[in-house]
Amino acid sequence: MKIVTWNVNSIRARLPRLLPWLEENEPEIVCLQETKVVDDLFPQEELEDAGYNVEKFGQKTYNGVAILSQYPIENVVKGLPDDEPSGDEREARVLGCQIEKFQILNVYVPNGHDIESDKYLFKLQWLKRLVRMLTEGYSVKDRLIVCGDFNVTFDDRDVYDPEEWRDKIHCSKPERRAMQNLIDLGLKDALRKFHTDRDIYTWWDFRTRGFQRNAGLRIDHMLMSAPALKACKSVEVDMTARDGQGPSDHAPVIATFR
DNA sequence: ATGCCTTCGCCTCGAAGA
């Protein structure tokens, strides 16, 4: 069983790369972020033809999350419980469900832009609301996976140039404390069970051609409860998904379960 | 090496991403 998280940076732009990637890797469950499309225009048929059940929660231009699964997708939840405003205006950043024995929460955490920005305060508040949602509605006694693009590095190992990024967006102490609050619920940063070295990244900047010089950040994560982590036998970043023409700026993270 | 690329839509420029 393989479970993937991948910020695809537009599901429609990435489909020509996503479909062959699915065929090659055959993941059972795929959590996507930044689909950037309203639900009516989501490429549902193409993904169903590839063998997946599809749940999506999208909006125009920005954000958007989706879950693909070879198994039935049950108990779907869209958004944070206290999302405002309601309806079409709310930001599409959370998609939860149950698939087989797994409770899954797929998240696209706000970017924050800059620590001086109002968007930064929104990001910190948003992470607090995510903690509340997990506290009130989920149990770490289950096989719980909270995965997605968190837009936060856990520590300096996740940063190609820690001095340059010191206290900047994605690396500030309040953001990292917010991630620790998630860990304190009884979740673990699953990749670190298998890899402790630095220079493991999931995002590289297009503008500075970061991928070519491995100047990246590790901001896409799989947080797992103890029962989920116990069943997990590997977590890997698929760097090959960045090769060639037209990749996302993020690489997928693949967790394999026994 | 965050003014350098990529995406979307008010679509040939501006805004946002991270």
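Please read these numbers as outputs of a predicted model, since none were measured by experiment. Excluded from the calculations below are hydrogen atoms, water molecules and symmetry mates; all remaining heavy atoms, backbone and side chain alike, are included.
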Query - With R176(A) via salt bridge (charged side-chain N to carboxylate O under 4.0 Å, His left out) - residues at least two apart - result: D156(A)
**Report entry** First encountered from the 5' end of DNA chain B, between R213(A) and H250(A)
**Finding:** R213(A)
For a quick test of your reading: what N or O donor-acceptor pairs under 3.5 Å do the side chains of residues 50-59 of chain A make, sequence neighbours left out?
unit_1, atom_1, unit_2, atom_2, d
Y52(A), OH, P27(A), O, 2.6
N53(A), ND2, S69(A), O, 3.3
N53(A), ND2, Y71(A), O, 3.0
K56(A), NZ, Q44(A), OE1, 2.5
Q59(A), OE1, N63(A), ND2, 3.2
Q59(A), OE1, A92(A), N, 2.6

Requested in this report: Give the rounded distance in Å between these two atoms: CD1 of I169(A) and P of dA16(B).
Outcome: 15 Å
Query - Rounded distance in Å between the P positions of dC10(B) and dT6(B) - result: 23 Å
Report task. With sequence neighbours left out, write down each residue that passes ring pair (Phe, Tyr, Trp, His ring centres under 6.0 Å) with Y138(A), or none if nothing qualifies. Result -> none
Query raised in the report: What pairs with Y201(A) under ring pair (Phe, Tyr, Trp, His ring centres under 6.0 Å), at least two apart in sequence or on another chain?
Result: none
Query raised in the report: How long is the line joining CZ of R93(A) and C1' of dG17(B), in whole Å?
Result: 11 Å
Query - Nucleic acid contacts of residues 148-157 of chain A, taken as heavy-atom distances under 4.0 Å to DNA chain B - result: D149(A), N151(A)
Query raised in the report: If we take the C1' atom in both dT12(B) and dT7(B), what is their distance in whole Å?
Result: 15 Å
Query raised in the report: How far, in whole Å, is dA15(B) from dG3(B) if one measures between their P atoms?
Result: 16 Å
Report summary line: In whole angstroms, the gap separating P of dG17(B) from CD of Q59(A) amounts to 11 Å
Query raised in the report: Do you see a donor-acceptor pair shorter than 3.5 Å between the side chains of S248(A) and R17(A)?
Result: no
Query - C1' spacing across the pair dG14(B) / dA1(B), given as an integer number of angstrom - result: 23 Å
Report summary line: W203(A) atom CH2 is separated from dG17(B) atom C1', nearest whole Å, by 8 Å
Query - Comparing D114(A) and E164(A) on DNA chain B - which has the more 5′ nearest nucleotide - result: E164(A)
Query - Rounded distance in Å - NE2 (H170(A)) to P (dG17(B)) - result: 9 Å
Expected list for residues 130-137 of chain A: side-chain donor-acceptor pairs under 3.5 angstrom, two or more places apart:
unit_1, atom_1, unit_2, atom_2, d
R132(A), NH1, D82(A), OD2, 2.8
T135(A), OG1, V131(A), O, 2.7

Query raised in the report: Got a sec, which residues hit salt bridge (charged side-chain N to carboxylate O under 4.0 Å, His left out) with R218(A), two or more places apart in sequence or on another chain?
Result: D158(A), D189(A)
Requested in this report: Name the nucleic acid region contacted by K168(A), choosing base, sugar-phosphate or nothing; use a 4.0 angstrom heavy-atom cut-off, strictly under.
Outcome: nothing
Report summary line: Scoring nucleotides 3-10 of chain B by protein non-hydrogen atoms under 4.0 Å (B base, S sugar-phosphate only, - none) yields -BBSSSSS
Query raised in the report: Can you find a side-chain donor-acceptor pair between D149(A) and W203(A) that sits under 3.5 Å?
Result: no
Report task. For D220(A), answer base if it contacts any base atom (sugar-phosphate contacts may also be present), sugar-phosphate if it contacts only those atoms, and nothing otherwise; contact means non-hydrogen atoms under 4.0 Å. Result -> nothing
Query raised in the report: According to the ring-ring contact (aromatic ring centres under 6.0 Å, His included) rule, which pairs have a member within residues 94-114 of chain A, sequence neighbours left out?
Result: F102(A)-F257(A)
